Amino acid sequence: MQNDRGQWGSTTGFILAAAGSAIGLGNIWRFPYITGQSGGAAFVVVYLLCVVLVCVPYLFAELVLGRFSHRNPVGAIAAIRPRSTWRLVGGLGVLTGVCILSYYAVIAGWTLGYIVKGIAFPAMAFETFIATPAYVIPLFAAFLLLTMLVVGGGVEHGIERSAKILMPVLLVLMLLVIARSLTLDGASAGLEFYLKPDFSKVDGSVVLAALGQAFFSLSLGMGAMVTYGSYLPKSSDLRLCGLSVAAFDTLIALLAGFMIFPAIFAMGKSPDQGPALVFHTLPDIFAEMPLGGLVSIVFFVLLAIAALTSTVSLLEVVVSYFVDERGWSRKRAVWTIGAFTFVLGLPAVLSEGAVDALSTMTFLGASSFLGIMDFLWGNLSLALGGLLLSVFVGWVWGTREAGEEFRTGSKMGSGGVALWALFVKFVCPVVILIVLLNVFGVL
Ligand code: TRP
């Protein structure tokens with residue numbers, strides 16, 4: 001069943017591809033708007049704590065599980081506990097992958113549209129643009145198709161090659177935009193909002209938002225990193241791999257804040273506009289820049305590419321499941337799942353103003369069909385998956401065997417492994433459980 005599998009060409013290739021999965025709309029679109037809604041700097045502090053205390057140890061667990069088994073999330077669990085119900089956790093991950101992909105590709109389609117919109121119809125409001133089915137449906141379909149083409153191309157050539165070139169270019173362009181944003185008159189109020197914490201704003205829902213965002217941003221909780229880790233050779237250093245991915249991802253998210261908040265305050269707008277935040281703010285910054293039109297095109301091209309390396313990882317998890325476990329060919333898996341995702345995503349495309357009933361629905365504080373999907377799958381399901389998988393690795397598989405696998409290929413001492421074991425067994429599950437119970441009002 002290994003015939004259509006592959007392997008990364010090098011550790012750098014893995015780091016760039018995994019960072020490519022992690023870095024995406026989650027960093028540049030979702031992180032700033034959630035920070036803006038959740039009170040600014042205090043949220044950033046809670047977010048960083050979640051990354052360091054929960055997500056990094058948990059990321060190691062996913063990579064260890066993947067490299068040990070050389071399988072997709074379901075197969076990885078089955079390789080350790082055959083025929084146990086734990087395989088359902090892998091199944092939840094595969095399902096979560098399709099569901100996130102179905103609305104993520106919608107937003108990615110908007111970024112594709114913004115490549116042209118800044119030049120062709122600069123005056124059209126963001127709200128009008130996303131409410132027009134004739135724009136957003138074809139863009140959504142186009143984005144899914146691009147994702148399918150890359151995933152169809154296989155692990156090394158398709159996924160790895162695209163990530164290697166494009167991630168560094170994105171970083172340079174962000175630095176340019178930050179330079180403009182910081183030099184606008186009145187930018188300092190934005191820096192204060194972003195960097196000076198007011199902890200009275202932190203409550204249970206802020207902590208859930210931070211934890212969910214950290215999982216989402218690092219592509220955790222659904223087995224994406226299990227799958228990417230499964231293409232690593234035994235000689236790779238998992239600690240180095242995990243730390244590099246987490247560091248790159250966090251850097252890009254923090255930089256996105258430096259692009260947005262100084263400009264928002266300089267232009268006298270409010271930081272809590274929600275999902276529209278980045279789409280409102282960036283064009284305003286570009287308008288204030290020399291060669292702004294050109295910068296806008298390049299920026300949205302890169303944003304679309306960053307989103308593409310993320311959608312690729314979402315689809316890859318689902319494809320690898322059907323290839324490994326069901327014996328499908330890669331092509332068949334890509335086309336079948338792609339078509340299914342398109343249908344699943346239609347209500348999300350139409351829920352931003354096109355169809356009233358979909359646009360006005362609310363659930364547990366989330367609004368619109370797309371917003372609800374994001375809350376259910378991009379937040380709750382990832383946290384739940386993280387809870388279950390850390391229990392699986394820490395307690396069911398056991399940190400003795402998992403720790404052995406973790407050490408293979410790295411020069412880590414037994415102290416490092418013991419510390420990691422402590423986090424996977426206790427800190428990760430307990431923190432996630434408390435946050436989840438809190439959301440459902442149990443605490
Ligand atoms: N991490 C990506 C982002 O920040 C989104 C993403 C890709 C993802 N693969 C994932 C999120 C797997 C959760 C799980 O944009």
Side-chain angles (χ1 to χ4, degrees), residues 1-10 13-14 16-25 66 70-76 90 93-109 111-112 137-167 219 222-232 301-346 349:
M1 275 197 284
Q2 290 273 345
N3 47 352
D4 250 346
R5 290 204 121 242
Q7 197 172 74
W8 304 112
S10 66
F14 164 83
L16 286 170
S21 161
I23 297 169
L25 297 171
H70 290 303
R71 284 284 189 283
N72 64 85
V74 179
V94 173
L95 178 68
T96 305
V98 188
C99 292
I100 294 182
L101 181 61
S102 77
Y103 70 83
Y104 193 98
V106 171
I107 301 147
T111 67
L112 216 52
I137 293 178
L139 287 167
F140 165 57
F143 206 90
L144 262 185
L145 209 61
L146 281 174
T147 309
M148 291 157 65
L149 289 176
V150 177
V151 174
V155 174
E156 186 177 342
H157 294 291
I159 303 177
E160 183 171 338
R161 199 189 293 162
S162 50
K164 256 186 181 164
I165 316 165
L166 298 159
M167 288 292 128
S219 302
M222 54 149 285
M225 291 299 165
V226 175
T227 307
Y228 272 32
S230 77
Y231 304 129
L232 274 170
V301 168
L302 288 170
L303 187 53
I305 291 163
L308 184 62
T309 51
S310 300
T311 51
V312 159
S313 76
L314 289 162
L315 183 57
E316 176 63 26
V317 173
V318 188
V319 166
S320 76
Y321 165 73
F322 282 96
V323 170
D324 289 352
E325 305 302 312
R326 302 285 160 124
W328 288 17
S329 73
R330 189 167 263 275
K331 289 268 169 316
R332 173 175 171 207
V334 165
W335 285 98
T336 313
I337 300 157
F340 178 78
T341 310
F342 178 74
V343 176
L344 187 66
L346 281 176
V349 195

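Since the model is a prediction, treat every value here as computed from it, not as a measurement.
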Closest non-hydrogen atom pair between Val226 and Ala76, with its separation: CG1-CB, 3.9 Å
field: Residue from Val319, Val151, Leu101 passing side chain to side chain contact (heavy atoms under 4.5 Å, CB included) with Val312
entry: Val151
- request: State the NE2-CG distance between His70 and Leu232, to the nearest 0.5 angstrom.
  value: 8.5 Å
message: Can you confirm whether Phe342 sits close enough to Ile137 that some side-chain heavy atom of one is under 4.5 Å from a side-chain heavy atom of the other?
response: yes
task: Considering non-hydrogen atoms only, spot the tightest contact between Met225 and Ser21 and give its length.
output: CE-OG, 4.1 Å
message: Taking the side chain as everything from C-beta on, heavy atoms only, tell me whether Ser310 gets closer than 4.5 Å to Ile23.
response: no
Under 3.5 Å donor-acceptor, Tyr104 side chain and Leu25 backbone: yes
message: I'd like to know if the side chain of Ser219 pairs up with that of Ser313 as donor and acceptor (distance under 3.5 Å, no hydrogens or angles considered).
response: no
query: How many angstroms lie between OG1 in Thr336 and CH2 in Trp328, if you round to the nearest 0.5 Å?
result: 4.5 Å
- prompt: With under 30° as parallel and over 60° as perpendicular, where do the rings of Tyr228 and Phe14 fit, or are they tilted in between?
  reply: perpendicular
- prompt: Between Thr341 and Phe140, which heavy-atom pair has the shortest distance, and what is it?
  reply: O-CZ, 4.0 Å
- request: Starting at OG1 of Thr227, measure out to CG of Leu314 and round the result to the nearest 0.5 Å.
  value: 10.5 Å
Atom of Leu112, atom of Phe143 and distance for their closest heavy-atom approach: CD2-CD1, 3.9 Å
query: Where do Thr311 and Leu308 come nearest, in terms of heavy atoms and distance?
result: OG1-O, 3.0 Å
- prompt: To the nearest 0.5 Å, how far apart are CG in Asn72 and CD in Glu325?
  reply: 4.5 Å
- request: Identify the two heavy atoms, one from Arg71 and one from Gly75, that lie closest to each other, and give their separation to 0.1 Å.
  value: CB-C, 3.5 Å
message: To the nearest 0.5 Å, what is the distance between CG on Leu315 and CD1 on Ile100?
response: 13.0 Å
task: Would you give the length of the straight line joining atom NZ of Lys331 to atom CE of Met148, rounded to the nearest 0.5 angstrom?
output: 10.5 Å
